[in-house]
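Working notes for the structure below.
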Amino acid sequence: MTSEPNITHDSFTLTREIAASPAQVFACWADPMLKRRWFVESDGPEWQTADYALDFRTGGTETGRFELSEGPGAGEHRQIAHFLDIADDHRIVYAYTMAINGRIHSASLATVTFASTGSNRTHLTFHEQMTVIGDSDGVKGRRHGWIHLLNALEHTLKEAA
Amino acid sequence: MMGTDTDTFHFSRNLPLPPDRLWHLMTDAKAREAWGAPGEHTLDVMEADTRVGGIDRHRCGPADAPEFEVETRWMRLDGPHDAVFTEMVEMGGMALGVSLVTYHLAAEGSGTALSVTVAVSSFVGPEMMADFKAGWSGGLDNLERVARA
């Protein structure tokens, strides 16, 4: 009998064509108020935010603690991210861990790119490479979560226009 | 600006050391000097803070001009079973790429089945992928030699 967790690897890519300039889309990741709108405040009432902080710079961090009150993932979800490389309006690369009730269940490298595809048009690519550690909803759950978040990002941009 | 390219490499080795001894070789900043650089390159530790959230810094490259700086940021250390860290490679202050590296060690008889997964994001073109892959492959060949010595 062993308590060592199973470890697997996976990745996924999401793309969006967005009716805004790369600078406007990038600002949604860089500006703490805009980021909070789509990244923190877009979840349903079953999610409560215990704390959230964004220090957007190379070497900076993003941390959050979120409580889910119901369902199989109920408990405290904690995110710790480190920004590894930022090229304004072009690229954000960061690594992050997700933990539930104190147990890290994934470590990821996220690469986000912003490419102009015309006047006020941006092709956004979100690529996540994951190490999944022990029990986790894995790449399926993470992909589902990011589809929801990118929908919320587009909604935030429309509101700000 | 050059594009951003991503890829993932998997390596596996069966090594004649038990997991706890191999763990030391793979995570101790000074011990990594003995195997971490491929071929004739050298690896010199500049700073070491090997704990979750800590950062190790190495200089790497040809012995007469080690031009690469490597920053290791430890995300998970669950010895002697698994470790996850990021590795940022820079040259002359320019970031070339970053990797998410996962070690997985499993006891196998008196030795260890080691798997290493390297997820790369390259900032200087797709050609850099081959260099990342060759660097890790060469480093693990060195590790095998050190483990068998």
Side-chain angles (χ1 to χ4, degrees), chain A residues 2-14 22 26 58-61 63 78-99 102-116 123-134 139, chain B residues 1-12 19 23 52-55 57 70-90 93-107 112-124 129 132:
Chain A
T2 176
S3 62
E4 292 172 354
N6 187 39
I7 292 181
T8 59
H9 304 275
D10 216 328
S11 67
F12 66 94
T13 303
L14 299 171
F26 182 86
T58 298
T61 60
T63 57
R78 188 177 184 91
Q79 177 217 7
I80 301 176
H82 291 272
F83 294 104
L84 301 165
D85 184 76
I86 295 171
D88 285 359
D89 304 342
H90 291 283
R91 177 178 66 229
I92 303 167
V93 181
Y94 62 99
Y96 74 107
T97 54
M98 289 297 304
R103 181 183 66 80
I104 291 175
H105 62 86
S106 71
S108 298
L109 182 67
T111 301
V112 193
T113 58
F114 311 85
S116 175
H123 180 80
L124 179 147
T125 302
F126 179 90
H127 182 65
E128 178 161 338
Q129 293 157 284
M130 290 179 76
T131 294
V132 181
I133 304 159
V139 73
Chain B
M1 163 168 283
M2 202 165 278
T4 307
D5 300 280
T6 56
D7 205 346
T8 301
F9 311 118
H10 302 280
F11 304 93
S12 60
W23 177 263
V52 173
I55 291 174
R57 288 192 173 85
V70 182
E71 180 185 281
T72 302
R73 181 186 294 272
W74 296 97
M75 298 172 74
R76 175 179 161 90
L77 285 159
D78 187 13
H81 177 259
D82 66 86
V84 184
F85 58 95
T86 58
E87 204 171 66
M88 171 67 82
V89 181
E90 294 185 352
M94 185 177 86
L96 304 180
V98 65
S99 309
L100 178 79
V101 182
T102 306
Y103 295 159
H104 184 203
L105 291 71
T112 302
L114 168 70
S115 72
V116 177
T117 299
V118 185
V120 182
S121 187
S122 167
F123 312 147
V124 289
M129 289 299 172
F132 273 103

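Just so it is clear, the structure is predicted and the values come from calculations on it, not from any experiment. All chains are named by letter (A, B, ...) in the order of the sequence lines, taking the proteins before the strands, and each is independently numbered beginning at 1.
- Closest of all the heavy-atom pairs between A:Ala107 and B:Val84 is CB-CG1, 3.7 Å.
- Every side-chain hydrogen bond (donor to acceptor under 3.5 Å, both in side chains) that A:Asp85 has, sequence neighbours left out, goes to A:Arg91.
- The shortest heavy-atom contact between A:Val93 and B:Val98 is CG1-CG1, 3.5 Å.
- When heavy atoms are compared at a cutoff of 4.5 Å, A:Thr97 approaches chain B by way of both its backbone and its side chain.
- Distance check, rounded to the nearest 0.5 Å: OH of B:Tyr103 to OG1 of A:Thr131 gives 13.0 Å.
- Here A:Thr8 pairs with A:Asn6, A:Val132 under the side chain to side chain contact (heavy atoms under 4.5 Å, CB included) rule; sequence neighbours left out.
- Annotation: the span from A:Glu4 atom CD to B:Asp78 atom CG amounts to 8.0 Å, rounded to 0.5 Å.
- Looking at heavy atoms from C-beta onward, A:Ile133 lies in side-chain contact with B:Arg76 at the 4.5 angstrom threshold.
- Contact check for B:Thr86 versus A:Leu84: side-chain heavy atoms found under the 4.5 Å cut-off.
- Side-chain atoms of B:Thr102 and A:His9, non-hydrogen and from C-beta on, do get closer than 4.5 Å to each other.
- Heavy atoms closer than 4.5 Å to chain B are found in the backbone of A:Ser108, but not in its side chain.
- Heavy-atom distances place no part of A:Ile80 under 4.5 Å from chain B, backbone and side chain included.
- Between the CD atom of A:Gln129 and the CG atom of B:Leu100 there is a distance of 7.5 Å, given to the nearest 0.5 Å.
- A:Met130 contributes atom CE, which lies 13.5 Å from atom OG1 of B:Thr117 (distance to the nearest 0.5 angstrom).
- One distance of note links CE of B:Met88 with OG1 of A:Thr58; it measures 7.0 Å at 0.5 Å rounding.
- Residues B:His81 and A:Ile7 are in side-chain contact: their nearest non-hydrogen atoms beyond the backbone lie under 4.5 Å apart.
- With a 4.5 angstrom heavy-atom cutoff, B:Asp5 does not touch chain A via any of its atoms.
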